[in-house]
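One structure below.
What you see below is based on every heavy atom in this structure, not just the backbone, and it leaves out hydrogens, waters and symmetry mates. By convention here, the first residue in the shown sequence is residue 1.
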Amino acid sequence: MALTGIQIFKLLPKTNCGECGVPTCLAFAMNLAAGKVELASCPYVSDEAKGQLAEASAPPIRPVAIGAGVRAFKTGGETVMFRHEKTFYNPPGLAAIISSDMDSDVLDKKLKEWNALQYERVGLTLRPELVALKDANGDMTSFATAAKKIAEESEFGLVLMTDKIDVMKAGVEACAFKRPLLYAATKVNVDDMGALAKESALPLAVKADSIDDLIGLSDKLTGMGLKDLVLDSGSREIKQAFQDQIAIRRAALKAGNRSLGFPTITFPCEMAGNLDMETVIAAMFIAKYAGIIVLSDFKGENIFPLLLERLNIFTDPQRPMTVTQGIYEIGAPDANSPVLVTTNFSLTYFIVSGEIEGSRVPSWLLIMDTEGLSVMTAWAAGKFAGDVVGAFVKKCGIADKINHRKIIIPGYAASIRGDMEEELPGWEILIGPRDASLIPKYLKDNWK
Ligand code: SF4
């Protein structure tokens with residue numbers, strides 16, 4: 001069971017040296033109990049205390065790293081049941097199935113199509129992470145060949161799916177460098193799969209027919225020294241699978257059940273007859289509480305909404321979403337194109353950039369860091385004041401890209417014009433519309 005802040009405090013040096021970044025050992029203990037800091041931040045904890053604290057301060061759901069390279073990700077590591085209590089940390093990995101008997105040319109085509117499903121949003125690249133390679137016929141060679149191809153010729157991480165130990169070994173040999181997830185240890189093969197995962201230092205999924213059986217298998221594997229497990233409760237019926245996710249999360253967080261303190265894997269691909277229904281089920285598992293979600297395919301129209309949902313669910317609700325400060329080109333602007341400035345609240349950015357795009361007037365959009373506040377809030381807080389915006393315009397480098405000196409400010413921030421003119425001598429400050437929906441008309445009418 002987790003220790004309280006006071007219990008942790010009793011094990012700390014109590015010198016209040018402040019080297020951990022907070023002024024007192026008590027504050028550090030409270031932060032450690034809340035999972036906000038790492039024990040390693042205090043260099044003076046005795047070895048004996050370290051032993052006790054490491055166990056007590058370990059996250060209730062172990063974070064498990066899967067994959068290598070740009071699509072590597074961590075799953076698990078969650079500390080709350082509900083996002084509004086704090087935040088969710090590690091978005092679930094999204095996987096699609098490939099059968100090991102798939103023709104090599106078809107596999108190439110699939111990987112190429114799936115690789116293209118990448119989307120830029122709020123300064124991030126959204127993309128699925130995994131290919132789940134499913135053993136079709138127990139043929140080691142075709143399984144290993146496909147694993148090697150996916151690992152070497154694509155960025156995707158892998159889930160190796162077979163219950164046959166020889167086939168799994170062949171797959172591991174072909175792609176261990178990509179840190180695949182091995183799926184799965186079952187009642188029948190748990191000893192062999194556990195030994196292989198331990199020897200190859202790879203994460204292992206555990207599949208059972210019920211949560212009780214899952215606990216038994218999980219205990220057996222942790223007893224063998226395995227740490228990185230992923231749980232599959234075995235249910236493929238939607239309601240039961242949903243209840244299992246909640247029961248596992250609750251047991252790990254509320255009851256401190258270490259046997260269930262691991263991320264989970266779910267299979268919408270085995271719960272529905274078409275990709276649309278799979279997508280709906282996957283959307284449910286993103287919210288509650290899958291660590292990996294396996295679909296039968298990736299198509300733009302199904303993966304894009306899932307990626308967006310995942311992005312939203314796994315942002316910190318206490319921090320507004322932001323975009324990076326800078327100059328954004330919309331529609332290949334040139335030296336004569338209009339320049340607009342607004343704040344870095346992501347919703348503001350999406351709306352304004354969308355309206356500019358819709359106007360078909362190529363433009364420069366300056367995004368200023370206002371700590372994620374919208375225009376009016378930032379203005380009221382003094383973060384979008386005329387002198388500050390003026391200084392940003394000077395510094396951002398837009399003057400080198402244009403041959404005019406005009407800048408359009410949001411209509412709601414019209415009052416900053418005077419201060420901007422003082423800060424930007426020689427510039428004409430134009431008042432744009434208050435409502436973003438009027439931007440297309442404004443640009444068309446005023447920027448011929
Ligand atoms: Fe206390 Fe360690 Fe932090 Fe120093 S670094 S204040 S000893 S917890």
Side-chain angles (χ1 to χ4, degrees), residues 119-125 311-312 315 319-448:
Y119 309 90
E120 298 290 333
R121 284 292 181 280
V122 289
L124 301 169
T125 304
L311 174 69
N312 280 294
T315 51
R319 275 194 215 154
M321 279 180 74
T322 59
V323 289
T324 311
Q325 173 170 287
I327 303 171
Y328 288 74
E329 297 181 16
I330 301 179
D334 60 23
N336 298 309
S337 298
V339 179
L340 300 92
V341 62
T342 190
T343 72
N344 76 331
F345 178 40
S346 63
L347 191 58
T348 300
Y349 168 78
F350 279 133
I351 292 172
V352 171
S353 61
E355 293 296 346
I356 296 173
E357 213 172 316
S359 76
R360 298 187 185 282
V361 178
S363 304
W364 303 97
L365 179 58
L366 308 187
I367 293 294
M368 193 181 116
D369 184 1
T370 55
E371 296 171 18
L373 299 179
S374 63
V375 170
M376 284 193 75
T377 318
W379 170 76
K383 294 180 191 299
F384 201 71
D387 52 345
V388 187
V389 180
F392 163 66
V393 173
K394 261 192 217 163
K395 201 173 65 181
C396 73
I398 187 64
D400 299 333
K401 296 177 183 291
I402 53 175
N403 59 14
H404 61 82
R405 290 293 178 265
K406 293 180 184 177
I407 184 160
I408 302 162
I409 62 174
Y412 276 118
S415 62
I416 71 172
R417 175 155 71 176
D419 287 341
M420 275 188 79
E421 283 169 345
E422 271 184 37
E423 189 68 30
L424 293 170
W427 283 71
E428 188 180 349
I429 313 300
L430 305 171
I431 312 286
R434 287 184 160 214
D435 190 323
S437 65
L438 299 174
I439 288 175
K441 182 173 179 341
Y442 176 89
L443 290 178
K444 281 176 193 155
D445 291 350
N446 295 283
W447 211 275
K448 300 259 163 53

Item to check | Point-to-point distance, once rounded to the nearest 0.5 Å, from CD of Q325 to CD1 of I367 | outcome: 9.5 Å
Item to check | Any S363 side-chain heavy atom under 4.5 Å of W447 side chain | outcome: no
Next on the checklist: With rounding to the nearest 0.5 angstrom, report the CD1 to CG distance, I356 to L365.
Outcome noted: 4.5 Å
Next on the checklist: Taking CD in E357 as the centre, count heavy atoms belonging to other residues, nucleotides or ligands within less than 6.0 Å. Is the count above 12?
Outcome noted: no
Checklist entry - So do the side chains of V339 and K401 get within less than 4.5 Å of each other, counting heavy atoms only? => result no
Checklist outcome for this item: To the nearest 0.5 Å, atom NZ of K441 lies from atom CD of E355 at 14.0 Å
Checklist entry - Any donor-acceptor pair under 3.5 Å linking the side chain of R405 with the backbone of A399? => result yes
Next on the checklist: Restricting to non-hydrogen atoms, name the atom on G397 and the atom on I327 that form the minimum distance, rounded to 0.1 Å.
Outcome noted: C-CD1, 4.0 Å
Checklist entry - What closest approach, in Å, do P320 and E371 show between heavy atoms, and which atom pair accounts for it? => result CG-O, 3.9 Å
Checklist entry - So which of L443, L430, I330 actually passes side-chain contact (heavy atoms from CB on, under 4.5 Å) with P338? => result L443
Checklist outcome for this item: Note: A381 and L373 closest approach over all heavy atoms is CB-CD1, 4.2 Å
Next on the checklist: So which atom in P362 and which in P333 form the shortest heavy-atom distance, rounded to 0.1 Å?
Outcome noted: CB-CA, 3.7 Å
Checklist entry - Do S415 and W379 have a side chain donor and acceptor closer than 3.5 Å? => result yes
Checklist entry - Are any non-hydrogen side-chain atoms of I431 and I409 less than 4.5 angstrom apart? => result yes
Checklist entry - Looking at N344, T377, T348, which one forms a side-chain hydrogen bond (donor to acceptor under 3.5 Å, both in side chains) with T370? => result N344
Next on the checklist: With rounding to the nearest 0.5 angstrom, report the CZ to CE distance, F384 to M368.
Outcome noted: 6.0 Å
Next on the checklist: Please determine whether the number of non-hydrogen atoms from other residues, nucleotides or ligands lying under 6.0 Å from atom NZ of K406 exceeds 12.
Outcome noted: no
Checklist entry - Hey, are the side chains of V389 and I407 touching, using non-hydrogen atoms and a 4.5 Å cut-off? => result no
Checklist entry - Which heavy-atom pair separates T342 from P410 by the least distance, and what is that distance? => result OG1-CG, 4.3 Å
Checklist entry - Between N336 and I402, is a side-chain contact (heavy atoms from CB on, under 4.5 Å) present by the stated rule, with each step listed? => result CA-CA 6 Å; N336 298 309; I402 53 175; over 6 Å; no
Item to check | From W364, F350, Y349, residue fulfilling ring-ring contact (aromatic ring centres under 6.0 Å, His included) relative to Y328 | outcome: Y349
Checklist entry - Given side chains that start at C-beta, do those of K394 and L424 come closer than 4.5 Å, heavy atoms only? => result yes
Checklist entry - Does D334 use its side chain to pair, donor to acceptor, with the backbone of S337 at less than 3.5 Å? => result yes
Next on the checklist: Tell me the closest heavy-atom pair linking E423 and D387, and the distance in Å.
Outcome noted: CG-O, 3.6 Å
Checklist outcome for this item: Here the gap from R417 atom CZ to I429 atom CD1, rounded to the nearest 0.5 Å, amounts to 8.5 Å
